[in-house]
Amino acid sequence: MGEAGSGVRQAVPAELSSFIGRERELTALASLLATERLVTLTGPAGIGKTRLAVRTVRTLGERDGLDAVWAELGALPERCWDRLGAELADRLAGRDALLVLDGCEQLGEAGAELAAGLLRRLPGLRILATSQRRLRLAGEVVLAVPPLSVPTAPSVPPLPAAPSVLPGHAAADPTRRFPVADVAGYAAVRLFEERARGADPFFELTDRNAGAVAALCRALDGIPGALELAAGRSHQYAPAQALRRLGSDPLGFLAGGAGRSTRVDAERSLRLASPAERLLWERLSVFAGSFDRAAVAEVCGFGALTPDTAVEALLRLAPGLLADAGQGRYRLPLSVRAYAARRLAHGPAGDGATTARRHRERCRVVAERAAQLWRAGAQREARALALRELPELRAAMNPLAAGGPGAALEIAVSLWFLWTACGMAAEGRRHVERALAVHPAPRPARALWLAAWLVAAFGEADGADPLLVEAWTEAVHEGEDACLAYLAHLRGTIALWEDRYEDAAAEYREGLELLPADPGFGPGREALRAAHTLAAARTDPASVPVEDGPPDGPADLWARSWVSYAHALVQRHEGRPALARTELLSALRTQFALDDTLGQAFSVELLAELEADQGRYAEAARLLGAVSRTRPYAAAAPRVQHTVRTRLTPQAFRAAYTSGARTPLRELLPELSG
């Protein structure tokens, strides 16, 4: 093994660039190496296993005089594998040393055999292995290397991917300004910034590009290898341009330089994998986000892979995947997913189409399951399920994918509650409008109803009118009584926002009369009753029985939050501000839990009226500022705003209003902190 390029060296590799992040992993690895004979660093390609091993071993060598030998297995020719064990045993005989086996997965099962044999023959030896797989040896301690920390996504959901984008990959708005202070402390951003400055001395992280850098770090999963490649192109692409290029052609963007190296590593790893593992790896590329064993069995378990063998292969591949939020959930890094998707597309005839069809059918079932949970009163669970599966659902709502716009609209309609009751109207509107734009006539009444609701959610009543007319025509033709009821409900809501309370009450009554006992989709009867109660609180407060208990049947928490709001209106009208405040805080607890930003806006505006009634005008102005961006544009301005403006100087009103707009709502309402 004395030949050049054997891969075995006495010296630990030099560090050619600064080391960023990983403080916790450095401490953990050093502690494990002090007590364990076999430690394996696992994680996907590019995650930084080798770099972490280099820094740890060099630090221990400088501090403790550690005796280390480094074996770079990825560079080792296959003809040398058989002689490697003997050479290492001769070199390490009689030494209390640490052997680093870097890239152990490149040897396949031979990597575990090599480590086991050396540990048996050399009692003074410790081994640190880096591998995309566990060695599965007795006494092995595994340390999974996580991605670098990345800034969390903004509260506004990203735009759905364009048809040319890898399915499910979401682009961000690269023009959005973002404070540098909000992102600069994250390790992924620090790494990108430093490497970009190395490629382009004039690069600087600014408020103008910080949002794009943060989005790029998220899109690249916080994986150092991918981030360094993107940063190395900063002289070619600004962060916003890089983000667009990544969205439109992830494999092309990640090609070249380190990208070629990553591809070669992936190809070699696949060659050493079993046929089942190779096939599963390709099929996993249909998942846009995280997946668990059940999802893998359902989507990937067909043909040459049974559901059981798919799960078994997943467990073997798991160390080379990203561990996502939630126990037992995994995710393919974008770079790996792009390459696997290309292999799937050029694989056996029909395999990719079948996998995509099974994935979309699963998404349809998941969306309907979430809708059933909502109707059954488990609304927090419904929201959590929809959000957890949202990357998959977004991919399935691509109207140009298998199933076409009809399948996309079916999923979008099942998720009506996510768009209308959980603060995601903007995203829902984009999904529905995109699918309706390519749907042949006649367009389905349910989708037209939802489109009209989501347009009206922006206060664009005029824009909703053509959709309302078309939806009513199709609902009559299809015999969709539930859709006719929901259209009446929507007309009532538009009237309510325009302060036409008598019209609103009449429309809500019509909706209740038309709604079948089991509508099968959309809001339930309790939601329509709540809307009617709200209109009655404006037109005839005395008719609203605020002491009534909850109705029988499943609890519709969302509807009840609006009933609490209506009761607060009545309590204020009758001169009981303390009871009104109690009702509003009850409503807000549900509205926060469901992220109902529209409900929050109206509840907080009524709280502002209560504050103004008590002469606390500055506090009322702060509350108005806190929800100024979440109410429908065409809704009548809150009455209290005029009152507060007349009681405060322009400067005082502006200062209080601006303070509220910059303060999290929970800080203004400490009663909700629990």
Side-chain angles (χ1 to χ4, degrees), residues 157 159-160 367 371 393-394 397-400 404-500 503-504 506-516 519-524 527-528 531 535 596-598 631-636:
L159 290 167
L393 296 168
R394 282 171 174 156
M397 285 184 284
N398 181 352
L400 302 183
L409 288 172
E410 184 178 2
I411 294 171
V413 170
S414 291
L415 297 174
W416 69 269
F417 64 89
L418 193 64
W419 320 132
T420 60
C422 299
M424 298 181 66
E427 176 170 349
R429 178 177 176 180
R430 288 191 290 265
H431 287 303
V432 174
E433 289 182 346
R434 188 172 65 163
L436 281 174
V438 295
H439 195 287
R443 303 191 293 183
R446 295 182 181 189
L448 291 165
W449 153 74
L450 181 57
W453 190 346
L454 295 173
V455 169
F458 285 82
E460 300 172 11
D462 292 342
D465 282 344
L467 291 166
L468 283 167
V469 172
E470 185 182 358
W472 185 88
T473 301
E474 293 305 325
V476 170
H477 183 264
E478 296 170 13
E480 277 273 23
D481 288 343
C483 198
L484 291 171
Y486 295 147
L487 290 170
H489 169 265
L490 177 54
R491 291 193 299 268
T493 300
I494 293 172
L496 191 70
W497 288 346
E498 295 174 350
D499 287 352
R500 296 185 288 112
D503 293 342
E507 294 284 7
Y508 289 144
R509 281 194 298 271
E510 180 180 345
L512 282 166
E513 292 169 0
L514 290 171
L515 190 68
F521 77 102
L528 270 65
D596 180 6
T597 53
L598 178 63
R631 69 191 328 271
Y633 302 144

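The figures here come from the full heavy-atom set of this structure, side chains too, leaving out hydrogens, waters and symmetry mates. All figures in this text were calculated on a predicted structure; none of them were measured in a lab.
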Non-hydrogen atoms of [X] and [Y] that approach each other most closely:
{"X": "A464", "Y": "A452", "answer": "CB-O, 3.8 Å"}
{"X": "P405", "Y": "A435", "answer": "CB-O, 3.4 Å"}
{"X": "W449", "Y": "L490", "answer": "O-CD2, 4.2 Å"}
{"X": "A482", "Y": "F521", "answer": "CB-CE2, 3.8 Å"}
{"X": "W497", "Y": "A456", "answer": "CZ3-O, 3.0 Å"}
{"X": "A535", "Y": "L496", "answer": "CA-CD1, 4.2 Å"}

_Contacts of R446 that satisfy salt bridge (Lys or Arg N to Asp or Glu O under 4.0 Å) - sequence neighbours left out_ =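 R446 satisfies salt bridge (Lys or Arg N to Asp or Glu O under 4.0 Å) with E480 once adjacent residues are dropped.
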*Any pair with a residue in residues 465-474 that passes salt bridge (Lys or Arg N to Asp or Glu O under 4.0 Å), sequence neighbours left out, goes on the list, sorted by first then second residue, please.*
R443-E470
*Taking only residues at least two apart or on different chains, which pairs with a member in residues 449-458 satisfy salt bridge (Lys or Arg N to Asp or Glu O under 4.0 Å)?*
none
Report the distance from atom [atom1] of [X] to atom [atom2] of [Y], rounding to the nearest 0.5 Å.
{"X": "R430", "Y": "M397", "atom1": "CZ", "atom2": "CE", "answer": "11.0 Å"}
{"X": "L450", "Y": "L467", "atom1": "CG", "atom2": "CG", "answer": "10.5 Å"}
{"X": "R434", "Y": "N398", "atom1": "CZ", "atom2": "CG", "answer": "5.0 Å"}
{"X": "D481", "Y": "E513", "atom1": "CG", "atom2": "CD", "answer": "12.5 Å"}
{"X": "H489", "Y": "L514", "atom1": "NE2", "atom2": "CG", "answer": "13.0 Å"}
{"X": "L598", "Y": "T420", "atom1": "CG", "atom2": "OG1", "answer": "9.5 Å"}

*Sequence neighbours excluded, which residues qualify as side chain to side chain donor-acceptor pair (under 3.5 Å) partners of R429?*
E433, E460
*Residues two or more places apart in sequence or in another chain: which of them pass side chain to side chain donor-acceptor pair (under 3.5 Å) with T493?*
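Y508.
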What side-chain donor-acceptor pairs closer than 3.5 Å can you find for residues 407-419, not counting sequence neighbours?
unit_1	atom_1	unit_2	atom_2	d
S414	OG	E410	O	3.2
W419	NE1	A412	O	3.0
W419	NE1	L415	O	3.4

